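Start at 1 and go down the list; that is how both ligands and their atoms are numbered. Nothing here was measured: the structure is a model prediction, and the numbers come from that model. Hydrogens, waters and symmetry mates play no part in the numbers below; they use all other heavy atoms, side chains included. Note that the numbering runs from 1 along the sequence shown for the chain.
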Amino acid sequence: MLYDSQNIFAKILRREIPCTPIFENDHVLAFADIHPKAPVHILIIPKGAYINAHDFYAQASADEIVEFHKAIAVIIEKHDLQKTGFRLIANTGVNGGQEVPHYHVHLLGGKYLGPIISDPHA
Ligand code: 5GP
């Protein structure tokens, strides 16, 4: 599978469409999800062109991987979520329900988030 440089997050990275930025450094951008599912709902993305979690962890440099996870810790602390808890989600591929084919982690918090997954057949 080839990276689609026209995906929405690639356009956000190129500043072709706006976002509400929360954190940025050389390797990472984080911004508010446009349809928040919790009081805190932040999308954290690497700046490199990676399709999904597997692509990122298989192909990215050690620096990119470390910086990505360090950024997550900074953003967690910025919202004090380490005190109350939170959830990180990386939807991947068809079965994971991934909509945007640029690797991203959802950081959700600010309320009790319920069971880990909902039953799609319920
Ligand atoms: P996925 O299902 O791929 O894990 O999640 C994609 C997420 O991107 C969804 O939660 C959706 O609300 C969010 N999203 C889609 N388009 C945009 C956009 O243009 N701007 C922002 N900020 N979020 C978006």
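- Ranking protein heavy atoms by distance to atom 14 (N) of ligand 1, first place goes to I34 CG2, 3.8 Å.
- Under the 4.0 angstrom criterion for non-hydrogen atoms, C19 is not in contact with ligand 1.
- Less than 4.0 angstrom separates some heavy atom of L43 from each of these atoms of ligand 1: 8 (O), 13 (C), 23 (N).
- Classification of K47 and E24 as a salt-bridged pair holds, one side-chain N sitting under 4.0 Å from a carboxylate O.
- Nearest approach of P46 to L13, heavy atoms of both residues: O-CD1, 3.9 Å.
- Among all protein heavy atoms, the one lying closest to atom 3 (O) of ligand 1 is E99 N, 2.6 Å.
- Close contacts between ligand 1 and G97 involve ligand atoms 2 (O) [criterion: under 4.0 Å to a heavy atom].
- What sits closest to atom 13 (C) of ligand 1 on the protein, heavy atoms only, is D33 OD2, 3.4 Å.
- Using a 4.0 Å cut-off to heavy atoms of H106, the atoms of ligand 1 that qualify are 1 (P), 4 (O), 5 (O), 7 (C), 10 (O).
- From H106, atom NE2 reaches atom CG of L43 across 5.5 Å, with rounding to the nearest 0.5 Å.
- Ring planes of Y57 and Y103: perpendicular class, angle over 60° (limits at 30 and 60°).
- For the residue pair S61 and Y50, the shortest heavy atom distance occurs at N-OH, 4.4 Å.
- Among all heavy-atom pairs drawn from V105 and A90, the shortest one is CG2-CB, 4.3 Å.
- The proximity of I8 to ligand 1, defined as any non-hydrogen pair under 4.0 Å, is limited to the side chain.
- In this structure, K11 has no heavy atom closer than 4.0 Å to ligand 1.
- The protein heavy-atom contact nearest to atom 22 (N) of ligand 1 is A32 O, 2.9 Å.
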Handout entry: H79 vs F86, ring-ring contact (aromatic ring centres under 6.0 Å, His included): CA-CA, chis, key distance, verdict
Key = CA-CA 10 Å; H79 294 81; F86 56 87; over 10 Å; no

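- Ligand 1 has no N or O atom lying under 3.5 Å from any N or O atom of F9, backbone or side chain.
- Residue T20 does not touch ligand 1, judged by heavy-atom distances below 4.0 Å.
- Interface atoms of ligand 1 facing N91, defined by a heavy-atom separation under 4.0 Å, are 1 (P), 2 (O), 4 (O).
- Residue contacts with ligand 1: H41 is placed with no nitrogen or oxygen under 3.5 Å of a nitrogen or oxygen of the ligand (distance criterion only).
- Using bins of under 30°, 30° to 60° and over 60° for the plane-to-plane angle, the ring pair H104/F9 lands in the perpendicular bin.
- Of all atoms in ligand 1, numbered sequentially from 1 with element shown, those under 4.0 Å from a heavy atom of Q98 are 3 (O).
- Residue H104 has at least one heavy-atom neighbour below 4.0 Å for each of these atoms of ligand 1: 1 (P), 3 (O), 4 (O), 5 (O), 6 (C).
- Counting the atoms of ligand 1 from 1 in the order shown, those under 4.0 Å from a heavy atom of H35 are 12 (O).
- Within the structure, ligand 1 lacks K37 among the residues with a heavy atom less than 4.0 angstrom away.
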